[in-house]
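Just so we're on the same page: letters track the sequence lines, and every chain starts at 1. Every value quoted in this text rests on a predicted model; they were computed, and no experiment measured them.
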2 protein chains.
Amino acid sequence: MATAPKSAWAQHTRTTLEAAGHRSGAARDAVIELLARQDCCLSAKEIADQLAGEGAGVGIASVYRALETFDELGLVQRLDAGEGVVRYEPALPGGEHHHHIVCDRCGRVTAFADEALERAIDRVSKRLDHTVAGHDVVLRGACPRCH
Amino acid sequence: MATAPKSAWAQHTRTTLEAAGHRSGAARDAVIELLARQDCCLSAKEIADQLAGEGAGVGIASVYRALETFDELGLVQRLDAGEGVVRYEPALPGGEHHHHIVCDRCGRVTAFADEALERAIDRVSKRLDHTVAGHDVVLRGACPRCH
DNA sequence: GTGAATGCAAACTCTTTGCATGACT
DNA sequence: AGTCATGCAAAGAGTTTGCATTCAC
């Protein structure tokens, strides 16, 4: 599976935003840069805190608005692992994606991918009356550090 | 697959609660009765509203406390389908379970079960470093009514 | 110059907690 | 009688919205 460089996501995101008629702005740009550097998902608060730590004082509202825009354009994937926090991560243009396992004890979120699982989900999707547009799988259990 | 009658859940729940040293009470009993009648998942607010509609004025705090207790005892399954609301449904004693598909447009939640999907998840679980204790699958897409 | 993007603060929703009252064993 | 369960209200956490200002085009 050919993996696109992470920087490609930032590029793709800016292009898509412009095509959708959005202007560029400092806050949203900072969120793009931060997300592009990420391996896995972040919550809105984590994004705001991290940007604040870097000196870029981005209002939390702007973070939420940026994430909402990205979501509408399919540029990020929302991940709700329970615990009342929504996390976001870049959605790769190629459609490749992964799922997550959440540690019961420390709350750490780790990514994993599995071809067979994807195929099983595709097969189920065809069987159902719904028009399945997307899916999420969340596993729960103790991570290696917490064993 | 032998399916236990829904009333069995209420019975099992009351037994388990008593064994765990809990007293019985009107509010929690009402929640048990309501959940036992349900085919699929309900949010705390839906439970409270429905009970209020039936004349049983159960405080929302009691609903949350009951659900928390059930969850600790493994009597319900929590389901977080995004949208910032947690839903609960009776966990069948046999361990059989299903997953959910959420309509993009109307928000309706429907249940489905699939053996092959379960097997795929089991296989992935063994491969990972985590001790996988549970899992959730949420599909998203337009339901038949919203096509 | 116009309108979108931003930031602050207030509003909202869902959930949890403190505390006095009432109910179960 | 002693505790636990309940309900109300207040507190918290996460997210959204209103509005004036700033910035991109």
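With no hydrogens or angles considered, no side-chain donor-acceptor pair links A/Asp71 and A/Gln77 at under 3.5 Å. A donor-acceptor contact under 3.5 angstrom links the side chains of B/Glu89 and B/His100, judged on distance only.
Between B/Phe70 atom CZ and D/dA5 atom P the separation is 11 Å, expressed in whole Å. What separates CZ of B/Arg65 from P of D/dA9 is a distance of 14 Å, to the nearest Å. Rounded to an integer number of Å, the gap from CD1 of B/Ile32 to P of D/dA5 is 12 Å. Look at CG on B/Asp29: it is 17 Å from C1' on D/dG7, rounded to the nearest Å. Atom CG of A/Asp71 is separated from atom P of D/dT15 by 13 Å (rounded to the nearest Å). Atom P of nucleotide D/dG14 and atom CD of A/Glu68 are separated by 19 Å, given to the nearest angstrom. Taking atom CZ of A/Arg87 as the reference point, atom C1' of D/dT15 lies 15 Å away to the nearest angstrom. With rounding to whole Å, A/Asp49 atom CG is found 13 Å from D/dA13 atom P.
For B/Arg28, a side-chain nitrogen or oxygen approaches OP1 or OP2 of D/dA5 to under 4.0 Å. Between B/His22 and the phosphate of D/dA5, there is a side-chain N or O to OP1/OP2 separation shorter than 4.0 Å. Contact between the side-chain N/O atoms of B/Ser62 and the OP1/OP2 oxygens of D/dG7 is found at a separation under 4.0 Å.
Of all nucleotides in DNA chain C having an atom under 4.0 Å from a heavy atom of chain B, the first and last in 5' to 3' order are C/dC14 to C/dT25.
For A/Arg145, the CZ atom sits in a loose shell: 12 or fewer heavy atoms of surrounding residues, nucleotides or ligands are nearer than 6.0 Å. Few gaps surround CZ on A/Arg14; more than 12 heavy atoms of other groups in view lie less than 6.0 Å from it. A/Glu54 CD: more than 12 foreign heavy atoms inside a 6.0 Å radius.
Between B/His135 and B/His99, the two ring planes are tilted [angle within 30° to 60°].
Between A/Arg123 and B/Asp114 there is no salt bridge, since none of the side-chain N atoms of the basic residue sits less than 4.0 Å from a carboxylate O of the acidic one. Taking a cutoff of 4.0 Å between a charged side-chain nitrogen and a carboxylate oxygen, B/Arg78 and B/Glu72 do not qualify as a salt bridge.
Here B/Gly57 lies in heavy-atom contact (under 4.0 Å) with sugar-phosphate atoms only. Residue B/Ala61 is in base contact, counting any heavy-atom pair closer than 4.0 Å across all strands shown.
Taking the nucleotide of DNA chain C with the nearest heavy atom to each of B/Gly84 and B/Arg23, the more 5' of the two is matched to B/Gly84. Comparing A/Lys45 and B/Ala66, the nucleotide of DNA chain D nearest to each residue sits closer to the 5' end for B/Ala66. The residue among B/Arg78 and A/Gly59 whose nearest nucleotide of DNA chain C is located toward the 5' end is A/Gly59.
In this structure, OH in B/Tyr64 is found 9.0 Å from NZ in B/Lys45, a value given to the nearest 0.5 Å. In this structure, the separation between CG on B/Leu17 and OG on B/Ser24 is 9.5 Å, given to the nearest 0.5 Å.
Across its full length, the helix from C/dG1-D/dC25 to C/dT25-D/dA1 shows an angle of 30° between the axes of its 5 terminal pairs at either end, rounded to 10 degrees.
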